[in-house]
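Heads up: numbering here begins at 1 and tracks the sequence.
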Amino acid sequence: MSKQIVVVGGGAAGMMAAICAAEQGASVTLLEPNERLGKKLNITGKGRCNVTNNADLETLLANTPKNGKFLYSVFSRFDGRDTMAFFEELGVPLKTERGNRVFPVSDRAFDISGALERRLKALRVTLVRDRAVHLEIEEGTVCGVLGERREYPAQAVILATGGVSYPATGSTGEGHRMAAEAGHTVTPLRGSLVPLREQGNLCARMQGLSLRNVSLTVFENDKKIYTDFGEMLFTHFGVSGPLVLSASAHMRRFEKKKYRLEIDLKPALDEQQLDKRLLSDFTKYANSDFCNALGDLLPQKLIPVVVGLTEIPPHQKVHDLTKEQRRELLRLLKHFPIAIAGPCPVTDAIITSGGVKVGEINPATMESKLVKGLYFSGEVIDVDAYTGGFNLQIAWATGRAAGLAAAENET
């Protein structure tokens, strides 16, 4: 008789785990309370789905700041290129974009979730619309899952319930509660890849302004800890956009440290080149007021803020500007400051940092070291990575490892 496996959670990690277990001949039941599978998967990458990163083991580990070493075993068996091969075999053509980010050629996340659903159906995985509420454990071994509707006996259970970010997608922290009830340690849950709240109201004055091709540097207590290049957005509460979400993953100690951002508004020019550019603009606008001389250099919404920060009188004539005032403007254009008060709530985050403690999970099989036959995959585990497809790669690799091990291991 085939082994009975229950997978809790029909997101990326849960679907992958169910597929891999069923491919080994196990009888798999997938519990998912949402009306659709892969609800969060379908909104990733602005609905385009950044499936993975076209990367090798070293690159994957380098982009996983939280407990990356724990993933060495699963990444060495299933890296970004293996994920690409897996989806292309399921009939989804993929493309690699800037930063080795991988997307479906169609730019439709639904093509990824649809391919997984078709595979689940072909493997006769039983999909049940039910919410798991409790793990049934006897003498240190899992023996089933209690749902809201009924009981599901099992010889192995895979918890793939996600984190606590985007609760509307079904990530409500239930998996963490069940893991804790089973005796596992759950490390503090907070947002990663999350918008940032500013200290003050500079950003609010530029609300809606998007900056492209700028360089962003993060300082932790005046020590430079991260820098990147790309696109960002000013909002009513602070800053967001791809650059900021990536930067937030490096800002993990708000309770002990102070953080600030510096934007290089003109990264293509070094200070000497920018000074030449300023001199040229100032010659052109010699008889204008200072506040009217920056239109060629900066977006309109940014000008009053920059003028205010230089402390140069806005209506001072450009031909009267001193060398010191020009130097101050130049410094500001290369080091535009934003003091950060803290991250937005975890519910606004793309992913959750924190989860089931990795020391209590076997890194090769994803099996609990405390409860026989209990496995974990995806965001429920205390691992998280930067943007660029790396977090989905964690879901695919841990889901696969859990599915294969659950189906193979004799309880």
(message) With a 4.5 Å cut-off on side-chain heavy atoms, are Phe70 and Thr64 touching?
(response) no

(request) Kindly give the heavy-atom pair with the smallest separation between Glu181 and Val133, and that separation in Å. (result)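 Between these two residues, the closest heavy atoms are OE1-O, 4.4 Å.
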
(request) Answer yes or no: is there a side-chain heavy-atom contact under 4.5 Å between Phe86 and Met16? (result) yes

(request) Kindly give the heavy-atom pair with the smallest separation between Phe234 and Met206, and that separation in Å. (result) CB-O, 3.4 Å

(request) Kindly indicate whether a cation-pi arrangement holds for Arg197 with Phe237, taking the cut-offs as under 6.0 Å to the six-membered ring centre and within 45° of the axis. (result)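 No, Arg197 does not lie over the aromatic ring of Phe237.
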
(message) Measuring from atom CG of Leu30 to atom CD1 of Ile5, what distance do you get when rounded to the nearest 0.5 angstrom?
(response)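 The CG atom of Leu30 sits 12.0 Å away from the CD1 atom of Ile5.
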
(request) Answer yes or no: does atom NZ of Lys301 have more than 12 heavy-atom neighbours from other residues, nucleotides or ligands under 6.0 Å? (result)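 Atom NZ in Lys301 is crowded, with more than 12 foreign heavy atoms closer than 6.0 Å.
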
(message) So that I can tick it off, tell me whether Lys284 and Asp281 are bridged by a salt bridge, with the cut-off set at under 4.0 angstrom between side-chain N and carboxylate O.
(response)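 Salt bridge: no.
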
(request) Output the distance between atom CG (Asp275) and atom CG (Leu269), rounded to the nearest 0.5 Å. (result) 11.0 Å

(request) Dump the intermediate steps for ring pair (Phe, Tyr, Trp, His ring centres under 6.0 Å) on Phe254 and Tyr259, then the final yes or no. (result) CA-CA 8 Å; Phe254 278 101; Tyr259 291 95; 4.7 Å; yes

(request) Would you indicate whether the side-chain heavy atoms of Asn54 and Arg81 approach each other to under 4.5 Å? (result) yes

(request) List the steps, then state whether side-chain hydrogen bond (donor to acceptor under 3.5 Å, both in side chains) holds for Thr217 with Glu262. (result) CA-CA 5 Å; Thr217 301; Glu262 276 187 6; 5.9 Å; no

(request) Take Asn362 and Tyr375, measure what side-chain hydrogen bond (donor to acceptor under 3.5 Å, both in side chains) needs, and give me the verdict at the end. (result) CA-CA 9 Å; Asn362 179 326; Tyr375 297 79; over 6 Å; no

(request) Flag yes if more than 12 heavy atoms outside Glu35 fall under 6.0 Å of its CD atom; otherwise flag no. (result) yes

(message) So which atom in Ile351 and which in Ala385 form the shortest heavy-atom distance, rounded to 0.1 Å?
(response) CD1-O, 3.8 Å

(request) Show your working on side chain to side chain contact (heavy atoms under 4.5 Å, CB included) between Met84 and Thr52 and close with a plain yes or no. (result) CA-CA 8 Å; Met84 292 172 74; Thr52 185; 3.9 Å; yes

(request) Go through Glu220 and Arg252 one step at a time and tell me if the salt bridge (charged side-chain N to carboxylate O under 4.0 Å, His left out) criterion holds. (result) CA-CA 10 Å; Glu220 182 182 77; Arg252 293 174 177 266; over 6 Å; no

(message) Side chains of Leu202 and Leu309, heavy atoms from C-beta outward: is any pair under 4.5 Å?
(response)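 Yes - at least one pair of side-chain heavy atoms lies under 4.5 Å apart.
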
(request) State whether a side-chain donor-acceptor pair under 3.5 Å links Thr310 with Gln325. (result)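 Side-chain D/A pair, Thr310 to Gln325: absent.
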
(request) Verify the neighbour count for atom NZ of Lys276: are there more than 12 heavy atoms of other residues, nucleotides or ligands below 6.0 Å? (result) no

(message) Given Trp396, which partner from the list Phe87, Phe390, Phe78, Phe75 fulfils the ring-ring contact (aromatic ring centres under 6.0 Å, His included) test?
(response) Phe87

(request) Check whether any side-chain N or O of Ser246 sits under 3.5 Å from a backbone N or O of Leu243 as a donor-acceptor pair, and report yes or no. (result) no

(message) Applying side chain to side chain contact (heavy atoms under 4.5 Å, CB included) to Asn391 and Asp384, what does each step give before you reach the verdict?
(response) CA-CA 6 Å; Asn391 287 291; Asp384 64 90; 4.0 Å; yes

(message) Donor-acceptor pair, distance only, cut-off 3.5 Å: does the side chain of Thr227 make one with the backbone of Leu216?
(response) yes

(request) Could you pull out the closest heavy-atom pair between Glu117 and Arg36, with the gap in Å? (result) OE2-NH2, 3.8 Å

(message) Check this for me: does any side-chain nitrogen of one of Arg119 and Glu89 sit under 4.0 Å from a carboxylate oxygen of the other?
(response) no

(message) With a 4.0 Å cut-off on N to O distance, would you call Lys372 and Glu139 a salt bridge?
(response) no

(request) Verify, without hydrogens or angle tests, whether Asp348 (side chain) and Cys344 (backbone) share a donor-acceptor contact under 3.5 angstrom. (result) no

(request) Just do the salt bridge (charged side-chain N to carboxylate O under 4.0 Å, His left out) check on Lys95 and Asp107 with the steps written out, would you? (result) CA-CA 9 Å; Lys95 58 181 174 179; Asp107 284 331; 2.9 Å; yes

(message) Can you confirm whether Leu189 sits close enough to Val186 that some side-chain heavy atom of one is under 4.5 Å from a side-chain heavy atom of the other?
(response)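 Answer yes - side chains close enough.
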
(message) Taking Gly355's backbone N and O only, do any of them form a donor-acceptor pair with Thr187's side chain (distance below 3.5 Å, no angle check)?
(response) yes

(message) Restricting to non-hydrogen atoms, name the atom on Val145 and the atom on Val8 that form the minimum distance, rounded to 0.1 Å.
(response) CG2-CG2, 4.2 Å

(request) Determine whether Glu32 and Lys39 make a side-chain contact, defined as any pair of heavy atoms from C-beta on separated by less than 4.5 Å. (result) no

(message) Donor-acceptor check, side chain of Gln24 to backbone of Ala21, threshold 3.5 angstrom: yes or no?
(response)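 Side chain of Gln24 to backbone of Ala21: no pair is present.
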
(message) salt bridge (charged side-chain N to carboxylate O under 4.0 Å, His left out) for Asp222 and Arg260? Distances and angles first, verdict last.
(response) CA-CA 8 Å; Asp222 295 330; Arg260 76 172 198 278; 2.6 Å; yes

(message) Go through it in stages, so that I can follow the logic: the residues are Asp111 and Ser106, the test is side-chain hydrogen bond (donor to acceptor under 3.5 Å, both in side chains), and I'd like the CA-CA distance, side-chain angles, deciding distance and then a yes or no.
(response) CA-CA 8 Å; Asp111 289 358; Ser106 65; 2.5 Å; yes

(request) Would you mind reporting whether Lys224 and Val218 have side-chain heavy atoms less than 4.5 Å apart? (result) no

(message) Looking at Asn53 and Gly99, would you say the former's side chain and the latter's main chain have a donor-acceptor pair under 3.5 Å?
(response) yes

(request) Any chance you could lay out the side-chain hydrogen bond (donor to acceptor under 3.5 Å, both in side chains) test for Thr29 and Thr126, step after step, and finish with the verdict? (result) CA-CA 5 Å; Thr29 300; Thr126 306; 4.6 Å; no

(message) Could you check whether any side-chain heavy atom of Leu333 comes within less than 4.5 Å of a side-chain heavy atom of Leu297, counting everything from C-beta outward?
(response) yes

(message) Evaluate Arg177 against Glu174 for salt bridge (charged side-chain N to carboxylate O under 4.0 Å, His left out), listing each step before the verdict.
(response) CA-CA 5 Å; Arg177 177 186 59 74; Glu174 288 293 280; 2.9 Å; yes

(request) Mind listing the closest non-hydrogen atom pair of Leu120 and Ile19 along with its distance? (result)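 For Leu120 and Ile19, the tightest heavy-atom pair comes out as CD2-CG1, 3.5 Å.
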
(request) Mind checking the OG-CG spacing from Ser377 to Leu159? Nearest 0.5 Å is all I need. (result)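 Going from OG on Ser377 over to CG on Leu159, the span is 8.5 Å.
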
(request) Inspect the surroundings of NZ in Lys258 and state if more than 12 heavy atoms from other residues, nucleotides or ligands are less than 6.0 Å away. (result)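 Counting other residues, nucleotides and ligands, NZ of Lys258 stays at 12 neighbours or fewer.
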
(request) Evaluate whether atom NZ of Lys334 has more than 12 neighbouring non-hydrogen atoms of other residues, nucleotides or ligands under 6.0 angstrom away. (result)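 Yes, enclosed.
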
(message) For Arg326, is there an ion pair with Glu328 - N to carboxylate O distance below 4.0 angstrom?
(response) no

(request) Hey, could you give me the CG/CG distance between Leu60 and Asp56, rounded to the nearest 0.5 Å? (result)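 Here the interatomic distance stands at 7.0 Å.
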
(request) Check the surroundings of atom CD in Glu255: do more than 12 heavy atoms from other residues, nucleotides or ligands lie under 6.0 Å from it? (result) yes

(message) Rounded at 0.5 Å granularity, tell me how far CZ in Arg212 sits from CG in Leu233.
(response)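 Going from CZ on Arg212 over to CG on Leu233, the span is 11.0 Å.
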
(request) Nearest 0.5 Å please: distance from the CG atom of Leu374 over to the CD atom of Glu360. (result)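 Reported value, rounded in 0.5 Å steps: 11.0 Å.
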
(message) In terms of relative ring orientation, are Tyr226 and Tyr386 parallel, tilted or perpendicular, with 30° and 60° separating the classes?
(response) tilted

